[in-house]
Amino acid sequence: MSLYSEKVMDHFRNPRNVGVIENADGVGEVGNAKCGDIMKIYLKIENDIIADVKFETFGCGSAIASSSMATELIKGKPLKDALTLTNKAVAEALDGLPAYKMHCSVLAEEAIKAAIKDYYEKNGIAYDESLFRETSCAHCEDRPE
Amino acid sequence: MFVYADNAATTKMRPSALEAYVKTAETFFGNPSSLHTAGQRAQEELTRCREEVAAVLGCTPREILFTSGGSESDNQAILSAARAGARKGKKKIVSTAIEHHAVLHTLKKLEGEGFNVVLLPVGTDGIVRTEDAEREIDENCCLVSVMLANNEIGTIQPVEEIGAICRGRGVPFHTDAVQAVGHLPVDVKKLNCDYLALSAHKFGGPRGVGALYVRTGAPIYNLIEGGAQERGKRAGTENLPAIAAMTAALREAVSDLPAYMERVSALRDELIANLKRIPHCALNGDPVKRLCGNVSFCFEGIEGESLLLLLDEKGICASSGSACTSGSLDPSHVLLAIGRVHDVAHGSLRLTLGEDTTEEEIRYLSEEVPKVVEYLRNMSPVWRDLKEGKRQYIL
């Protein structure tokens, strides 16, 4: 199918980092089944570095590809770098997404941030709240009818 | 292996139809409106096609209008009845929640123009209740429109009974028979309808051509103005090669309909039985009162678009009613109408069998679909929550 770029199809066919991390240091889940996509990110953090990352996704091809690409982009990176990952960077790394699928990349960004926030909260680490946008389904409303 | 299981979307053209197309384009190239010999020969061929299509549907040739397909036929029937109704002050239209968008969007437009549109619900079996129709059909109605068979879940509607109610109360009745013609016996007299829409590419004919049956005396107005073709009711030079190809396809499709239905419904039932073994899934629509080629399921914990993409990788062409496949926010209105909640409606799969479907293909589908469902479930956080009891199974 030519709806997606080769990059998207590659990450969809062979998703990187699928799975679960038992006793993860941070877990983030965004989206809801009603909308048709949920992403869950698991983080293993060592010395402020993302030592390992896994994901589980319920969603369309671009949701799975976005999760896969986002985990690749943050794996082995310092937390502060992961926090600056934008949905645009995920979409660009995938050689683009169709306009009505951009929300999938937003979910990926939000899921990572939610997992980092979870890590900070679990460990009583102070963080700058402004770095975390509110996770909501507001972006769904931008989807065309 | 390549398996085309999306025959409800479109069928591959029958060789006989393709042959008729080419032969007609070569032989009857004249414009049927021209006075000269080439034109008159084309006119004769057009007449022959009209007679043959009419004979299949059980009506007179004058009652057949050739159109560009199902959507145009539905639009013209509905807008004509509405316009005639409005002139008499009748602005109520009764239809169902599971119609094709060619009907629903036309009704939506009429609603915006002041018509009172009542959409009848369906049961969880995907079938409209005759009693519900009976209650709503009254002297204020200018039209009742009920599809003969549903395009997504294949359920066959009680059109004959609802048509009889309409006839008894003098209300024009339209049926969208796009999915039905060529797949089950269709006789306009028996169905008690005033309008019937059909589309060639659903039974092995070409795209871009269809027909509308308009019972003698039923109101009909043009959508397309221009020449006097189709008794002045549909302007535009007739697409004769496509009409001849549709006629050839229809002839072949109905030539041995009982045998076709028996063979394909046996394949359908085998596939349904095999897919039902997948845990936490459900067949959509009545298991018996359905098109012989339709298999529609919802699988819990997964999303339909990723399912389609993975099946495509395995050479399987299928369809889904998930929101992601349509680019809209909501999953299929048909699945919602039969009571599937959003969560599971997103995980729908439609496999539609046809003339060319083989036993071997059914085996392949029966092996590959469960594998793909399992693969996707294994990466789904929803499935994990269900397994761990953090979320309740719906199916």
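We name chains A, B, ... by the order of the sequence lines, and we start the count at 1 in each one. Predicted model only: the values in this text are computed from it and were never measured.
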With a cut-off of 6.0 Å (strictly less than), are more than 12 heavy atoms of other residues, nucleotides or ligands near NZ of B:Lys314?
-> yes

So how far is it from A:Ser68 OG to B:Met379 CE, rounded to the nearest 0.5 Å?
-> 9.0 Å

Does atom NZ of B:Lys108 have more than 12 heavy-atom neighbours from other groups under 6.0 Å away?
-> no

Contacts of residues 73-85 of chain A with chain B (heavy atom under 4.5 Å) = none

For atom CD of B:Glu374, decide whether the heavy atoms of other residues, nucleotides or ligands shown that lie under 6.0 angstrom number more than 12.
-> no

Could you give the distance from CG (B:Asp330) to SG (A:Cys35), rounded to the nearest 0.5 Å?
-> 9.0 Å

For A:Gly61 and B:Ser306 the tightest heavy-atom approach is N-CB, 4.0 Å

Are any of the side-chain nitrogens in B:Arg377 or A:Glu56 under 4.0 Å away from the carboxylate oxygens of its partner?
-> no

Would you name the heavy atoms of B:Asp343 and A:Phe58 that are closest together and state the gap between them?
-> O-CZ, 4.1 Å

In terms of heavy-atom contacts, B:Glu313 and A:Met9 come closest through OE2-CE, 3.6 Å

Side chain, backbone, both or neither: which part of B:Leu310 has an atom under 4.5 Å from a heavy atom of chain A?
-> both

Which atoms of A:Ile38 come close to chain B, meaning under 4.5 Å heavy atom to heavy atom: side chain ones, backbone ones, both, or neither?
-> both

What one should report as the nearest heavy-atom pair of B:Tyr375 and A:Pro15 is OH-CD, 3.5 Å

Between A:Val18 and B:Asn378, is any pair of side-chain heavy atoms under 4.5 Å apart?
-> no

Roughly how far, to the nearest 0.5 Å, is the OG1 atom of A:Thr57 from the CD atom of B:Glu303?
-> 11.5 Å

Which pair of heavy atoms, one from B:Glu305 and one from A:Ser62, lies closest together, and at what distance?
-> OE1-N, 4.2 Å

Out of curiosity, A:Met39 CE to B:Ser380 OG, how far, rounded to the nearest 0.5 Å?
-> 12.0 Å

Taking everything shown except B:Glu113 itself, do over 12 heavy atoms lie less than 6.0 Å from its CD?
-> yes

Looking at A:Ala63, A:Pro98, A:Gly59, which has the largest count of heavy-atom pairs under 4.5 Å with chain B?
-> A:Gly59

Verify, without hydrogens or angle tests, whether B:His342 (side chain) and A:Ala33 (backbone) share a donor-acceptor contact under 3.5 angstrom.
-> no

Pick one of side chain, backbone, both or neither for A:Ser67, based on which atoms fall under 4.5 Å of a heavy atom in chain B.
-> neither

Under 6.0 Å from the CZ atom of B:Arg207, do we count more than 12 heavy atoms belonging to anything else shown?
-> no

Are there more than 12 heavy atoms of other residues, nucleotides or ligands under 6.0 Å from atom CD of B:Glu360?
-> no

Would you find more than 12 non-hydrogen atoms of other residues, nucleotides or ligands less than 6.0 Å from A:Asn47 atom CG?
-> no

Mind checking what makes side-chain contact (heavy atoms from CB on, under 4.5 Å) contact with B:Lys202, not counting sequence neighbours?
-> B:Val178, B:Gln179, B:Ser199

